[in-house]
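Here is the structure we will look at, set down as structure tokens.
We count ligands from 1, going down the list as the structure has it; atoms in each ligand are counted the same way.
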Amino acid sequence: MYIGGYIRRAVCCLFVVTMVPINRAAVVNIKSKGAVGDGKTDDGPAILNAWKEACEGASPSSVLIPPGTYMSLSIVLSGPCKGPIEIQATGATIKAPPELAKFKTDSWIQIQSVDRFTMNGGTFDGQGQQIWHSTKCHDSQLTCQLPVNLRLSHVKNSLLKDFTSANSKHFHIALWRCDGSNFVNVTINAPGNSTNTDGIHIARLNGLNITNSNIKTGDDCISFGDGSKNVRIEQVTCGPGHGISIGSLGKYPNEEPVQGIWIKNCTISGTNNGVRIKTWPASHPGVASDIHFEDILMNKVGNPILIDQEYCPHYTCKKGAPSKVKISNVSFRKIRGTSTTKVAMKLACSAEAPCDNVEVADINLKFHGPAGGGGGPTKSECSNIKPKVVGENIPQVCLGGTS
Ligand SMILES: *[C@@H]1O[C@H](CO)[C@@H](O)[C@H](O)[C@H]1NC(C)=O
Ligand SMILES: *[C@@H]1O[C@H](CO)[C@@H](O)[C@H](O)[C@H]1NC(C)=O
Ligand SMILES: *[C@@H]1O[C@H](CO)[C@@H](O)[C@H](O)[C@H]1NC(C)=O
Ligand SMILES: *[C@@H]1O[C@H](CO)[C@@H](O)[C@H](O)[C@H]1NC(C)=O
Ligand SMILES: *[C@@H]1O[C@H](CO)[C@@H](O)[C@H](O)[C@H]1NC(C)=O
């Protein structure tokens, strides 16, 4: 018996000993590839070389950016890799050069065609301050290609956690065809008056969770382009910025449906919109359905609840003609707090494709005037919609009926 036990234990230990090296990630430190880490020298080539070695090497593998301050020009980190790959950057700050002239593409750090990607820690500072002040770029965006801080394309089954994206020159994070993405404890930070610094923009992906994250920007907190499917956003705080936005949809032909969006247990503060769905007038056909907003606290938010099917910024479109994007199966539940606009709920649906099956339940939004005081009740405005109203609602929902 004793010997048997001993042998069993030995077998067990041998098993453990041989398993450990197989499971341990092969770590490639960017310093071993020549990274200087003085915050001035371009360490992009070192990051790229470390990525290449990790990506081709034994799996799983890890690119280590040790604590310190680095500068990097644009880099493209491409797969496919031999196995799961991680960027471990806890304690590191990576800075982009402030000058736009140093960028030739629309991304600063781009990651593409990777399966099972993890990003862990680090601060990615886009140093966009000069650009936000430059009227040149914002008057003629066609001639100015502004880089997104972090662009992921065809990155599947990813986990991005405990990291910060700051002061991007353009959107902070853009996801394109990234099925199965998870963001946990992500911080996005740019001033409220920074231009076009959307937090997370997604399009054409199936499966995304964003939890426990804090997003401060000068534009949309999270924005959904066409083809966004099965997205859950929970315990996210937004503000300053423009709030959480589905769309704008319908601008282009053959857009894919937006379907299966749950936004729950979030706090939105000091933004000029809360939760909204927006589509262009005179649009191409499209679908937005199965979209749910629940348990959302609004602190001094303009237009807290908004469906806007005549979205037409800067008069860039033909108002008048209705949108052809069909919005259906939407709910707004337990949305509470303060509105800085008297119209706290506006459900402006299309005359050509009226909204169907929209539920409004347990809304409690009080007016918060500009000087801080109250200023009478909030109200709602509705067109081309007959919502299902549940519970007590402030403001009362579509009291004037539909028009
Ligand atoms: C944003 O506001 C800050 C502080 O109020 C100010 O210093 C800065 O110039 C403003 N930036 C822009 C782009 O207006
Ligand atoms: C969240 O991320 C920050 C770094 O941005 C880290 O310091 C903190 O420990 C993380 N929180 C949790 C709960 O992991
Ligand atoms: C998101 O979380 C839900 C559970 O809350 C889970 O079922 C789903 O698989 C997750 N999605 C992704 C892309 O990991
Ligand atoms: C989120 O859920 C927690 C636990 O149920 C609750 O205490 C908190 O008030 C919720 N936050 C919001 C913004 O609804
Ligand atoms: C809306 O919900 C109804 C009932 O659950 C369902 O039959 C319909 O297919 C849904 N519409 C869309 C566009 O998903």
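Compare N329, I327, N357 by their heavy atoms: the one nearest to atom 1 (C) of ligand 5 is in N329. Looking at L159, L208, N209, it is N209 that brings a heavy atom closest to atom 12 (C) of ligand 3.
Atoms of ligand 1 found under 4.0 Å from any heavy atom of H133, numbered from 1 in the order shown, are 8 (C), 9 (O), 11 (N), 12 (C), 13 (C). Near S328, the atoms of ligand 5 lying under 4.0 angstrom from a non-hydrogen atom of the residue are 13 (C). Short contacts between ligand 3 and G207, defined as distances under 4.0 Å to a heavy atom of the residue, involve ligand atoms 13 (C). Interface atoms of ligand 5 facing S289, defined by a heavy-atom separation under 4.0 Å, are 12 (C), 13 (C), 14 (O). Below 4.0 Å from some heavy atom of G180 lie the following atoms of ligand 3, by number and element: 13 (C). Below 4.0 Å from some heavy atom of Q259 lie the following atoms of ligand 5, by number and element: 14 (O).
Cysteine sulfur proximity is satisfied for C55 and C81, their SG distance being under 2.5 angstrom. With 2.5 angstrom as the limit on SG-SG distance, C238 and C266 do not come in below it.
For atom 4 (C) of ligand 3, the nearest protein heavy atom lies 4.0 Å or farther away. The presence of a protein heavy atom under 4.0 Å from atom 14 (O) of ligand 1 is confirmed. Per-atom contact check: atom 7 (O) of ligand 1 does not touch the protein, criterion being a heavy-atom distance below 4.0 Å.
Looking at K82 and E53, no side-chain N of the basic residue comes within less than 4.0 Å of a carboxylate O on the acidic one, giving no salt bridge. Here K264 does not pair with E234 in a salt bridge; the nearest charged N to carboxylate O distance is not below 4.0 Å. Salt bridge absent: K346 and D308 never bring a charged side-chain N and a carboxylate O closer than 4.0 Å. The existence of a salt bridge linking D226 and R204 is confirmed by a sub-4.0 Å separation between a basic side-chain nitrogen and an acidic carboxylate oxygen.
When heavy-atom distances to ligand 5 are checked against a 4.0 Å cut-off, K326 has no atom that comes that close, whether in backbone or side chain.
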key: Full working for salt bridge (Lys or Arg N to Asp or Glu O under 4.0 Å) between D179 and K229   = CA-CA 9 Å; D179 294 350; K229 292 198 185 81; over 6 Å; no
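For Q112 and Q110, the side-chain atoms include at least one donor-acceptor pair closer than 3.5 Å.
Summary of contacts: the protein heavy atom closest to atom 10 (C) of ligand 1 is N193 ND2, 2.5 Å.
Below 3.5 Å of separation, one finds no N or O of R232 facing any N or O of ligand 3.
Of the candidates T267, T187, T237, N214 forms a side-chain hydrogen bond (donor to acceptor under 3.5 Å, both in side chains) with just one, namely T237.
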